[in-house]
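Data block below; observations after.
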Amino acid sequence: MTAEVNDATLAKRLAQGTGEILKGVRNVGLLRGEELGKAGDAAAQDWIARCLAVHRPNDSVLSEEAPDDRTRLNNNRVWIIDPLDGTREFAGGRQDWAVHIALAEDGVITHSAVGMPDLGMVFSTSDVRRVDGPKTNRLVISRNSEVPVAEFIAEDLGMELIMMGSCGAKVVSVVLGDNDAYVHCGGQYEWDNAAPIGIAQAAGLHATRLDGTEFEYNQDDTYLPDLLVSRPDIAEKLLESAQRYKDKFGKF
């Protein structure tokens with residue numbers, strides 16, 4: 001009989017175990033580049049799916065690496081996962097890739113974990129604590145796509161732009177106090193940010209859409225393009241700057 005684990009423990013162990021699998025796939029050195037990324041995605045997805053089938057057979061799953069089972073829309077418990085967020089970084093030997101595991105209940109993230117395997121760390125909603133140190137005046141953005149609204153905010157508020165890979169890695173950098181905020185617009189889906197948003201909120205960070213609205217998960221349309229994660233003491237001025245961008249250009 002499989003031992004019963006609670007949701008918080010399951011999320012954390014899934015992130016930890018997936019990270020170990022991915023490091024194993026990469027570290028033996030038999031694959032490189034795109035083939036390494038594909039192998040990592042497949043191995044991680046298979047293991048997570050098997051674990052959830054055993055431990056939460058009645059829950060639904062929304063994953064970047066699996067077909068969308070639309071029955072999830074009638075289930076109030078949905079695991080939203082990205083087995084490997086930052087495939088380019090993973091395949092390129094960088095550290096800014098992550099494992100995203102989140103549980104949404106009635107559209108709200110209740111438990112999540114972000115694994116940073118190359119750092120040997122898992123950040124979980126059950127125990128995450130933000131580092132409340134001096135401001136860095138740094139704004140982190142994607143290294144793989146242009147983010148005009150973030151560039152505008154940085155110039156508007158006199159902040160330094162920092163580029164990183166995975167959404168999870170960028171949120172973790174704000175949790176750790178390495179950067180003051182993270183802004184993104186365009187190209188993300190629920191699995192890209194569900195787990196990171198969960199730990200950001202649990203850590204006491206500001207985490208909303210760029211217009212200040214709250215996140216809603218397990219939606220019919222899984223596209224969830226924009227976000228702001230920041231220290232709570234600067235959130236208002238960041239939102240105001242984002243609004244100035246929208247007033248000027250008509251959109252985020």
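Since we're looking at a predicted model, the values are computed, not measured. Nothing fancy with the numbering, it's 1 onward along the sequence.
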Audit row: Leu239, Gln243, side chain to side chain contact (heavy atoms under 4.5 Å, CB included) steps and yes/no
CA-CA 6 Å; Leu239 289 169; Gln243 185 60 48; over 6 Å; no
Hey, does the side chain of Asp82 reach the backbone of His100 with a donor-acceptor pair shorter than 3.5 angstrom?
no
Name all residues meeting the side chain to side chain contact (heavy atoms under 4.5 Å, CB included) criterion together with Ala49; count only those two or more places apart in sequence or in a different chain, and write none if there are none.
Gln45
Between Lys246 and Leu210, is any pair of side-chain heavy atoms under 4.5 Å apart?
no
By salt bridge (Lys or Arg N to Asp or Glu O under 4.0 Å), which residues pair with Glu214, not counting sequence neighbours?
none
Atom pair CG (Asp106) and CG (Asn76), whose distance is rounded to the nearest 0.5 Å
4.5 Å
Tell me if the CZ atom of Arg94 is crowded by more than 12 foreign heavy atoms within 6.0 Å.
yes
Shared ILVMFWY cluster between Leu139 and Val229, side chains joined below 4.5 angstrom?
no
Show the atom names and distances, to 0.1 Å, of all donor-acceptor pairs under 3.5 Å that link a side chain in residues 149-159 to residues at least two apart or in another chain.
from, atom 1, to, atom 2, distance (Å)
Asp156, OD2, Ser241, OG, 2.7
Asp156, OD2, Arg244, NE, 3.1
Asp156, OD2, Arg244, NH2, 2.6

Test of understanding: with side-chain hydrogen bond (donor to acceptor under 3.5 Å, both in side chains), list the residues that count as partners of Asn218, not counting sequence neighbours.
Arg72
With rounding to the nearest 0.5 Å, note down the distance linking OG1 in Thr9 to NE2 in His111.
9.5 Å
Which pair of non-hydrogen atoms, one from Gly33 and one from Ala91, has the smallest distance, and what is that distance?
O-CB, 3.4 Å
Check for a donor-acceptor pair, side chain of Ser124 on one end and backbone N or O of Ser126 on the other, with a separation under 3.5 Å.
yes
For the residue pair Ser142 / Asn144, report whether a side-chain donor-acceptor contact shorter than 3.5 Å exists.
no
For Arg77 and Arg56, run side chain to side chain contact (heavy atoms under 4.5 Å, CB included): C-alpha distance rounded to whole Å, both residues' side-chain angles, the deciding distance at 0.1 Å, then the answer.
CA-CA 10 Å; Arg77 286 175 52 94; Arg56 296 294 186 272; 3.6 Å; yes
Val114 and Val122: CA distance, side-chain angles, deciding distance, side chain to side chain contact (heavy atoms under 4.5 Å, CB included) verdict
CA-CA 6 Å; Val114 173; Val122 174; over 6 Å; no
The criterion is salt bridge (Lys or Arg N to Asp or Glu O under 4.0 Å); which residues satisfy it with Glu20, sequence neighbours excluded?
Lys23
Results of salt bridge (Lys or Arg N to Asp or Glu O under 4.0 Å) for Arg231 - residues two or more places apart only
Asp132, Asp233
Scanning both residues in full, the closest heavy-atom pair of Thr87 with Gly37 reads CG2-CA, 3.5 Å
Residue from Lys12, Arg129, Met116 passing side-chain contact (heavy atoms from CB on, under 4.5 Å) with Phe123:
Met116
Crowding at CD, Glu34 (>12 non-hydrogen neighbours, <6.0 Å):
no
Correct closest heavy-atom pair for Tyr217 and Ala104 would be CB-CB, 4.1 Å
State the CG-CG distance between Leu227 and Leu224, to the nearest 0.5 angstrom.
8.0 Å
Carefully, step by step, assess Asp118 and Arg26 under the rule salt bridge (charged side-chain N to carboxylate O under 4.0 Å, His left out).
CA-CA 11 Å; Asp118 280 343; Arg26 186 183 64 182; 2.7 Å; yes
Under 4.5 Å between side-chain heavy atoms, hopping through other hydrophobics if needed: is there a path connecting Phe215 to Leu238?
no
So, Asp178 versus Ser173: side-chain donor-acceptor pair below 3.5 Å or not?
no
Sequence neighbours excluded and cut-off under 3.5 Å, please list the side-chain donor-acceptor pairs for residues 180-188, or say none.
from, atom 1, to, atom 2, distance (Å)
Asp180, OD1, Thr136, N, 3.0
Asp180, OD1, Thr136, OG1, 3.2
Asp180, OD2, Thr136, N, 3.1
Asp180, OD2, Asn137, N, 2.6
Tyr182, OH, Gln188, NE2, 3.0
His184, NE2, Gly186, O, 2.4
Gln188, OE1, Asn193, ND2, 3.0

Which residues pass the side-chain hydrogen bond (donor to acceptor under 3.5 Å, both in side chains) test with Asn74, sequence neighbours left out?
none
Check: Glu216 side chain, Val108 main-chain N or O, donor-acceptor pair, under 3.5 Å
no
What distance separates Arg50 CZ from His55 NE2, expressed to the nearest 0.5 Å?
13.0 Å
Pairs satisfying side chain to side chain donor-acceptor pair (under 3.5 Å), at least one member in residues 159-172, at least two apart:
Asp85-Ser166
From CA spacing to verdict: side chain to side chain contact (heavy atoms under 4.5 Å, CB included), Arg130, Val174
CA-CA 8 Å; Arg130 72 182 175 96; Val174 181; over 6 Å; no
Could you tell me which non-hydrogen atom of Pro83 sits nearest to which non-hydrogen atom of Ser63, and how far apart they are?
CD-OG, 3.8 Å
Rounded at 0.5 Å granularity, tell me how far CG in Asp69 sits from OG in Ser60.
6.0 Å
Contacts of type salt bridge (Lys or Arg N to Asp or Glu O under 4.0 Å), residue Glu89, not counting sequence neighbours:
Arg143
Kindly compute the distance separating CD (Glu190) from CD1 (Ile197), expressed to the nearest 0.5 Å.
12.0 Å
Within the structure provided, determine whether Ile199 and Val171 are in side-chain contact (heavy-atom separation under 4.5 Å).
yes
Pairing donors with acceptors under 3.5 angstrom, does anything connect the side chains of Thr110 and Glu105?
yes
Quick one: list whatever passes side-chain hydrogen bond (donor to acceptor under 3.5 Å, both in side chains) with Asp192, sequence neighbours left out.
none
Cluster partners of Leu14, using ILVMFWY side-chain heavy atoms under 4.5 angstrom, listed by chain and number?
Val5, Leu10, Ile21, Leu22, Val25, Leu31, Leu36, Trp47, Ile48, Leu52, Val61, Trp79, Ile81, Leu84, Phe90, Trp97, Val99, Ile101, Leu103
Report the relative orientation of the aromatic rings in Trp191 and Tyr189; use parallel for angles under 30°, tilted for 30 to 60°, perpendicular for over 60°.
parallel
Looking at every heavy atom in both Ala113 and Ala11, which two are closest together, and how far apart are they?
CB-O, 3.5 Å
Which heavy atom of Ala235 sits nearest to which heavy atom of His206, and what is that distance?
CB-CG, 3.4 Å
With the 4.5 Å side-chain cut-off for hydrophobic clustering, are Phe249 and Leu228 part of the same group?
yes
Is it the case that one hydrophobic cluster holds both Val147 and Tyr223, taking links as side-chain heavy atoms less than 4.5 Å apart, direct or via other members?
no
